[in-house]
Each structure stands twice: as C-alpha cells, then as structure tokens.
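For ligands, and for the atoms within them, numbers begin at 1 and follow the listed sequence.
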Amino acid sequence: MEILVTGGAGYIGSHAVKALAEAGYTPIVLDNLSQGHREFVRQGVFYQGELGDTVLLKKIFTQHDIEAVMHFAALALVGESVSEPAKYYENNVIQTFRLLREMVKHDVKNFIFSSTCAVYGIPEKIPIPEEHLRAPANPYGKTKLAVEHMLEDFSRAYNIKYVFLRYFNAAGADYRAGIGEDHFPETHLIPIVLDAAMGRRKKVNVFGTDYPTRDGTCIRDYIHVADLAQAHMLAAKYLKEDRESGAFNLGIGQGFSVREVIDIVEEVTGKKISISEAPRREGDPPVLIADSTRAINVLRWKPEYSSLEDIISSAWEWHKRKPGNVLK
Ligand code: UFG
C-alpha cells in the first residue's frame with residue numbers, strides 16, 4: 001500500500017507520513033526541501049525534486065504501485081500571495097496540474113488534497129459548513145480553490161476520486177517524534193508567541209484589537225497537526241473503500257481569540273508575554289470556526305489532541321528542542 005506524499009518533509013506532511021507508516025502504508029515522499037526538512041522523513045522512500053518534474057513523476061509512478069496521492073506541497077503565506085501571486089499560481093496551480101496529468105496517465109485514481117478554510121473567504125455563517133459559498137479573499141485561497149475546481153472536472157472526466165481536507169489553523173507538534181513547525185519566515189501566531197516566551201522576540205504584535213469579537217481580536221479554530229494527520233490516513237481508507245468524492249472541514253468547532261492564545265501560552269510556559277497592539281493584518285477574517293460534523297460522521301475522525309492547552313504544550317516542547325533554538 002504505497003501512497004505518494006508530496007510535501008512530506010514539511011510541517012503537516014511529515015506528521016501524515018508518520019501516521020501513514022503507523023497504519024501500515026508505505027509513504028513515498030516527494031519534496032523539494034524549499035520549506036521541508038529531510039530529517040523529518042523517517043519512514044518510507046524519499047525523493048527530492050519538483051512537483052511538476054514529469055520525468056521524476058513518471059519514474060515514481062512506474063517504480064511504485066501508488067494507490068493514492070496526498071498533496072501537501074504548496075506555498076501557504078496569505079500576505080506573500082498578495083504581493084507575489086505569480087509564484088502562487090505557478091507553485092500551487094500549474095505544478096499541481098502537472099501532477100494530476102501524470103496521475104491520469106498512470107491510472108492513479110485517488111487524490112487527497114490539502115485545502116484550507118481560506119477557500120471560504122469572509123464567512124457568512126459560523127461555524128462554517130462545507131457547502132458554504134467558496135469566495136476566497138486572497139490569491140492563496142484562490143489557488144487552492146482553483147485546484148478544487150480542477151479536481152471536480154478531472155473527477156467527472158477521468159474518474160479520479162478526491163477528498164478535499166479543508167484545514168483550519170494547524171498547530172502543535174509530535175515533538176517526541178522530532179517533528180514540528182519550522183517555517184522560515186514564521187508568520188503563524190503560536191510559534192511567534194512561543195518565540196517571545198523563549199526570549200527570542202521582544203514582543204508579539206496583536207494584529208487588530210477592534211474586531212467584532214468578545215475581546216476585539218480575531219478568533220480561530222486551532223487543530224493539532226497529529227489530528228490532521230489522522231484525518232489523512234482515514235481519507236486514504238475512505239477512498240480505498242470506493243466511497244464518494246467530497247470535502248471535509250478539519251477543525252475542532254471551537255474558537256480562541258489572539259489574546260486567549262497568548263494567555264494560554266503564558267500559563268503553559270510560565271513566561272510573561274509583552275504585546276503591542278498593532279493595526280489589522282490585511283485580509284484576516286474576524287472569526288473562522290469549522291463545522292467538522294461531516295469528517296466526524298463520515299470519515300469517523302476523532303480529534304484527540306486538540307485542546308488548546310495540549311496544542312500549545314506540545315508546540316512549546318517542540319519549540320524548545322527545535323534545531324537552532326536555545327532557551328534563554
Ligand atoms: N496574529 C497576530 N500576530 C502575529 C501573527 C498572527 O495577531 O504575529 C493573528 C492573525 O492576525 C490572526 C491570528 O493571529 O488573527 C492567527 O494567525 P495565523 O497567521 O497563525 O493564522 P491564519 O488564521 O492567518 O492562517 C491560517 C492558515 C493559512 C490559511 C488561513 C485562512 O495558516 O494557511 O488560516 O485564513 F490561509
């Protein structure tokens with residue numbers, strides 16, 4: 001049972017590789033290591049290369065009996081996607097098209113796609129169900145939606161089955177396995193607040209304190225990366241049972257504000273965090289909370305590690321061990 005995992009050396013991909021291996025699959029990882037880390041891949045077979053390298057894809061699809069593709073490899077910074085959209089369309093859409101075309105050629109039928117709550121844009125309804133209008137507010141979300149559309153068409157014409165996993169805010173780490181969040185540059189709230197807890201940053205900018213929320217800061221639905229990884233493994237099983245293609249939200253169904261996240265980091269780490277109230281960050285929806293009922297009922301997904309305390313404790317343990325970080 002071989003599964004091609006693009007971006008398998010990255011943050012979420014590496015956790016999925018581990019979950020797949022533990023469930024008896026052989027992960028075949030393809031990663032260009034632009035964001036990924038070779039040492040994060042401890043199971044399966046590793047190929048370094050570009051997603052759209054059709055020669056390499058042909059080799060992989062010929063040498064391995066790939067029953068499904070999990071496609072993590074993508075650029076994922078909202079702000080950067082606004083200033084450099086060409087990079088996003090090239091990486092996230094064109095390269096993915098090449099991958100899909102090779103799948104069709106080699107008769108690989110199952111596709112599990114790392115999609116995002118960013119496809120919904122500014123939500124009209126909270127919690128957000130999968131049927132919600134897809135109206136992304138930035139190029140990043142648009143490139144992810146473009147791939148969803150491509151899959152819908154490929155599925156009708158070429159009989160490809162897909163699962164879109166629309167992640168909310170991935171966080172936490174499987175620190176005992178030596179994997180966790182390690183982006184450069186880092187833009188995500190939890191690792192930034194942990195950096196401040198370590199003394200590697202003087203203060204945390206809180207982007208926007210005048211949102212229509214309980215304390216004026218944005219609310220997000222944080223989901224542990226190990227729970228996301230389990231959902232991928234379940235999606236592979238689901239497609240193997242020849243079930244219907246579909247989209248699944250992955251969140252916990254509960255939201256926490258930026259200030260609440262900072263408070264819990266203070267509790268978990270015992271460190272005081274200095275904050276600075278900063279202007280809103282462009283394109284941030286005030287509230288994003290998932291309705292994940294479908295994943296729970298249909299995929300039989302049971303998030304186990306996603307209390308915010310557990311997420312932050314595991315992220316903290318990883319952050320202290322992360323190569324290059326030294327506790328002050
Ligand atoms: N934030 C701060 N200060 C920081 C960093 C973040 O106040 O230094 C705030 C943000 O403004 C936001 C919240 O913390 O309100 C969470 O921000 P993140 O950057 O951690 O996460 P996002 O919700 O912006 O991003 C996530 C995914 C993206 C996805 C997006 C959809 O990481 O891939 O949700 O909106 F596109």
Side-chain angles (χ1 to χ4, degrees), residues 7 10-13 35 72-82 85 88 91-92 113-123 126 128 132 134-148 164-172 181-183 185-197 200-225 228 249-252 255-265 273-290 308 311-312 315 319:
Y11 172 44
I12 305 174
Q35 281 284 324
F72 294 90
L75 299 177
L77 298 179
V78 171
E80 185 185 57
S81 78
V82 175
Y88 277 69
N91 268 275
N92 295 1
F113 178 52
S114 298
S115 191
T116 166
C117 59
V119 298
Y120 300 117
I122 311 284
I126 295 290
I128 309 173
H132 190 285
R134 291 175 291 174
N138 53 62
Y140 165 66
K142 288 178 190 171
T143 62
K144 289 285 174 175
L145 180 55
V147 173
E148 288 197 2
F164 303 148
L165 296 176
R166 297 190 185 133
Y167 314 155
F168 281 64
N169 284 60
E181 197 162 9
D182 193 2
H183 296 122
E186 188 52 81
T187 62
H188 294 104
L189 179 65
I190 291 176
I192 283 178
V193 182
L194 293 175
D195 245 11
R200 298 178 79 243
R201 230 175 248 266
K202 279 209 172 67
K203 58 184 175 53
V204 173
N205 287 317
V206 175
F207 296 138
T209 53
D210 58 351
Y211 284 100
T213 59
R214 50 185 177 260
D215 63 15
T217 65
C218 284
I219 292 181
R220 292 291 181 270
D221 184 338
Y222 294 90
I223 175 79
H224 197 293
V225 65
L228 288 182
N249 285 335
L250 298 177
I252 208 73
F256 293 91
S257 73
V258 173
R259 289 192 203 276
E260 287 164 348
V261 168
I262 295 171
D263 287 348
I264 298 180
V265 170
I273 309 294
S274 304
I275 66 160
S276 162
E277 296 191 355
R280 290 182 177 197
R281 194 172 67 176
E282 204 191 333
D284 271 345
V287 181
L288 290 171
I289 299 175
L308 194 56
I311 288 175
I312 290 177
H319 212 76

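Geometrically, ligand 1 and T116 share no nitrogen or oxygen pair separated by less than 3.5 Å.
Under 3.5 Å, the side chains of Y140 and E80 contain no donor-acceptor pair of N or O atoms. A donor atom on one side chain and an acceptor atom on the other are not found under 3.5 Å apart for Y167 and D221.
The pair K142-E148 fails the salt-bridge criterion, with no side-chain N (NZ, NE, NH1 or NH2) lying under 4.0 Å from an Asp/Glu carboxylate O.
Distances from atom 8 (O) of ligand 1 to the heavy atoms of I192, T209, V261 put I192 nearest.
Here is the list of ligand 1 atoms found below 4.0 Å of a heavy atom in C218: 15 (O). The atoms of ligand 1 that sit less than 4.0 Å from any heavy atom of V78 are 36 (F). Of all the atoms in ligand 1, the ones that sit under 4.0 Å from a non-hydrogen atom of N205 are 2 (C), 3 (N), 4 (C), 7 (O), 8 (O).
For atom 34 (O) of ligand 1, the nearest protein heavy atom (residue, atom name, distance) is N169 OD1, 4.0 Å. Of the protein's non-hydrogen atoms, the one nearest atom 20 (O) of ligand 1 is L189 N, 2.8 Å. Annotation: atom 28 (C) of ligand 1 to nearest protein heavy atom, Y140 CE2, 4.3 Å. Of the protein's non-hydrogen atoms, the one nearest atom 7 (O) of ligand 1 is F207 N, 2.9 Å. Protein heavy atom at the shortest distance from atom 11 (O) of ligand 1 is D284 OD2, 2.6 Å. Taking atom 17 (O) of ligand 1 as the reference point, the nearest protein heavy-atom neighbour is R281 NH2, 3.5 Å. Distance from atom 32 (O) of ligand 1 to its nearest protein heavy atom, with residue and atom name: H188 NE2, 2.9 Å. Protein heavy atom nearest atom 35 (O) of ligand 1, with residue, atom name and distance: L288 CD1, 3.5 Å.
Side-chain N or O atoms of N92 include one that pairs as donor or acceptor with a backbone N or O of L75 at under 3.5 Å. S274 contributes no side-chain N or O that, together with a main-chain N or O of K203, makes up a donor-acceptor pair within less than 3.5 Å. Judged purely by atom type and a 3.5 angstrom limit, N91 has no side-chain atom pairing as donor or acceptor with the backbone of A74.
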Steps toward side-chain contact (heavy atoms from CB on, under 4.5 Å) verdict (T116, R166): CA-CA 4 Å; T116 166; R166 297 190 185 133; 5.9 Å; no

Kindly indicate, with the supporting measurements, whether the criterion salt bridge (charged side-chain N to carboxylate O under 4.0 Å, His left out) is fulfilled by R259 and E277. CA-CA 11 Å; R259 289 192 203 276; E277 296 191 355; 3.1 Å; yes

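Atom-to-atom distance recorded for L250:CG and S115:OG is 10.0 Å, nearest 0.5 angstrom. The OH atom of Y211 sits 12.0 Å away from atom CD1 of I219, with the distance rounded to the nearest 0.5 Å.
Contacts of Y222 with ligand 1, taken as heavy-atom pairs under 4.0 Å, involve the side chain alone. Looking at T187 against ligand 1, only its backbone comes within 4.0 Å, counting heavy atoms.
By the definition of a contact as any protein heavy atom under 4.0 Å away, atom 5 (C) of ligand 1 is in contact.
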